[in-house]
Each structure stands twice: as structure tokens, then as C-alpha cells.
Amino acid sequence: MRRPLIAGNWKLHKVCDEAVDFARELLDAVGSKTEVDVMVAPTFTSLFPVCQTLKSSPISVGAQDIFWESKGAWTGEISAEMIASTGATHVIIGHSERRQFFGETDETVNKKLKAALSCDLTPLVCIGETDEERSTGKTFDVLKGQIKGAFEGLSPDELAPVVLAYEPVWAIGTGNTATPEMVQEVHAFLRQFVAEFTQKDLANGMRILYGGSVKSGNIAELMALEDVDGALVGGASLEVESFKGIVRYN
Ligand code: 13P
């Protein structure tokens, strides 16, 4: 009932030509029909050409961030409407790298989420604990706080398109994937908490992705977990061969 989503976050990689070439190759490799939803997130500068390349294909395109205001004197920022105007349909919000290095907070995540929903962009809201938070037993409290902060003021109906992405910070780019037991434990907890905080039906329908050192060698065991509905992939989404292996995990 929850169609899986495999999303590639290219982070700060690929200039326009490389992004477009990659999109073409990926389309060839993945074909015109996929068993899971597939999304790639290029940098802002490549959004439009990548969207043109993947037009009418089963591969969706998302931005890596968004700003909450729709227009005005905000030098350097990009609005939801601008993202949507490129043809992109998704947006990543609250990635831990934004939280760590660019001052993203639960409050700004909430504003960005509202902006994305107002333009019908499908938001991928990222949450996750640091190494220290896990080792001091704070994981569940941190995740609860991030969800509460992100979803503040939004009704279950408004939250329906939201995709949650659980990305433990210590697993990102480190090769240390969380064990299947850890992932299932957290995902089940997240679904339960979303049900309590919002509504059971919303929680049951919400896709919860795992991210953090996902590769073709570990995707199958992750996807076999009851509460894992896909993956948000960084490094292994940068090469067509490895990303293809993740998209076709079974
Ligand atoms: P890696 O797959 O490189 O660990 O990155 C995960 C990530 O941050 C995706 O958003």
C-alpha cells in the first residue's frame, strides 16, 4: 500500500552537463517503468535541464532545499514556486547537513515544509540523531522533537503528502549503515509517534525512508524491513551503475 521511493541526493556534485548526462543514462538504465518511485535531487542550477530531460519519464526530480518566503529581498534564496516552475515535484527539507552547517532548525524546517506544501511539492523531511545523541540515549527524544517541530500547525490532511527520511547523522557518508534491527526499531517508533501526534491513518500511509550509507549491497535487507518504505541515497546515487542497483534492489 505504501509504494517505495528511492531518492538520490546528489548534494554538491555534478555541473549542468554532467547532471543531464546522468539523467539520460539513468533513464536508459532504469527504463520507462519502475517498480518503485525514483527521484533525483540535483543542485538548483541543474534542476531545469534535468527536469526537461526526465519529462514524461517515471523519474521525478526534487530540489535539495527551499526557502519559505515566496518573494522579496532575500538574496540568494529560492522559493517553492520557483522550484515548481522548473518542473521539479519534490523537495528535501531539513537535511542534517543543512542543520549542521547552515543553521537549519526545527522552526525553519516547519516554515519550509509549509511553503513546499503550499506549492504542491512533495516534501522529504529529514530527521536523525547524532552519534553523541545516540550514545547518550537521546535518540527517541531527538526524533520526537524534530517531528513535532516540523509538523507544528499542520493538519493530518495537509501532512498527507509528506515523506519522512530517517538519516542518522553518524551513518551519513561514513559507511556505517545502521543495522537492520536499529532501522526497524526507529522506523516503527516513528510511525507510532506520528500516529499519536497526528492520526493513525496518516502514519500508516506515510512513507518513511532510511538514509545513511545505503548501497546496492545493503538495500535489499533494508527494504525487507516492515517499516522501511525506501531510501534516501547520497554517495551511491552519483554513479548510474550503483544507483541502478539500488533502484532494482530485488
Ligand atoms: P550517504 O548515502 O552518502 O551516506 O548520504 C546519505 C544522505 O545524506 C542522503 O541524503
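For ligands, and for the atoms within them, numbers begin at 1 and follow the listed sequence.
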Who pairs with Thr45 by side-chain hydrogen bond (donor to acceptor under 3.5 Å, both in side chains), at least two apart in sequence or on another chain?
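Result, side-chain hydrogen bond (donor to acceptor under 3.5 Å, both in side chains) vs Thr45: Thr43.
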
Quick one: list whatever passes side-chain hydrogen bond (donor to acceptor under 3.5 Å, both in side chains) with Lys111, sequence neighbours left out.
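Here no residue qualifies.
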
Quick one: which residue pairs count as a ring-ring contact (aromatic ring centres under 6.0 Å, His included) with a foot in residues 116-157, not counting sequence neighbours?
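Only Phe140-Phe189 qualify under ring-ring contact (aromatic ring centres under 6.0 Å, His included).
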
Answer yes if the side chains of Thr130 and Glu133 hold a donor-acceptor pair under 3.5 Å, and no otherwise.
yes

Do Glu77 and Trp68 have side-chain N/O donor and acceptor atoms under 3.5 Å apart?
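No, Trp68 and Glu77 have no side-chain donor paired with an acceptor closer than 3.5 Å.
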
Note every protein N or O atom lying under 3.5 Å from an N or O atom of ligand 1, pairing the names and giving the distance.
residue	atom	partner	partner atom	Å
ligand 1	2 (O)	Gly234	N	2.9
ligand 1	3 (O)	Gly235	N	2.8
ligand 1	4 (O)	Gly173	N	2.6
ligand 1	4 (O)	Ser213	N	2.8
ligand 1	5 (O)	Lys11	NZ	3.3
ligand 1	8 (O)	Lys11	NZ	2.8
ligand 1	8 (O)	His95	NE2	2.8
ligand 1	10 (O)	Asn9	ND2	3.0
ligand 1	10 (O)	His95	NE2	2.9
ligand 1	10 (O)	Glu167	OE1	3.2
ligand 1	10 (O)	Glu167	OE2	3.0

Reported CD-to-NE2 distance for the pair Glu226 and His187, which is rounded to 0.5 angstrom
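Going from the CD atom of Glu226 to the NE2 atom of His187 covers 12.5 Å.
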
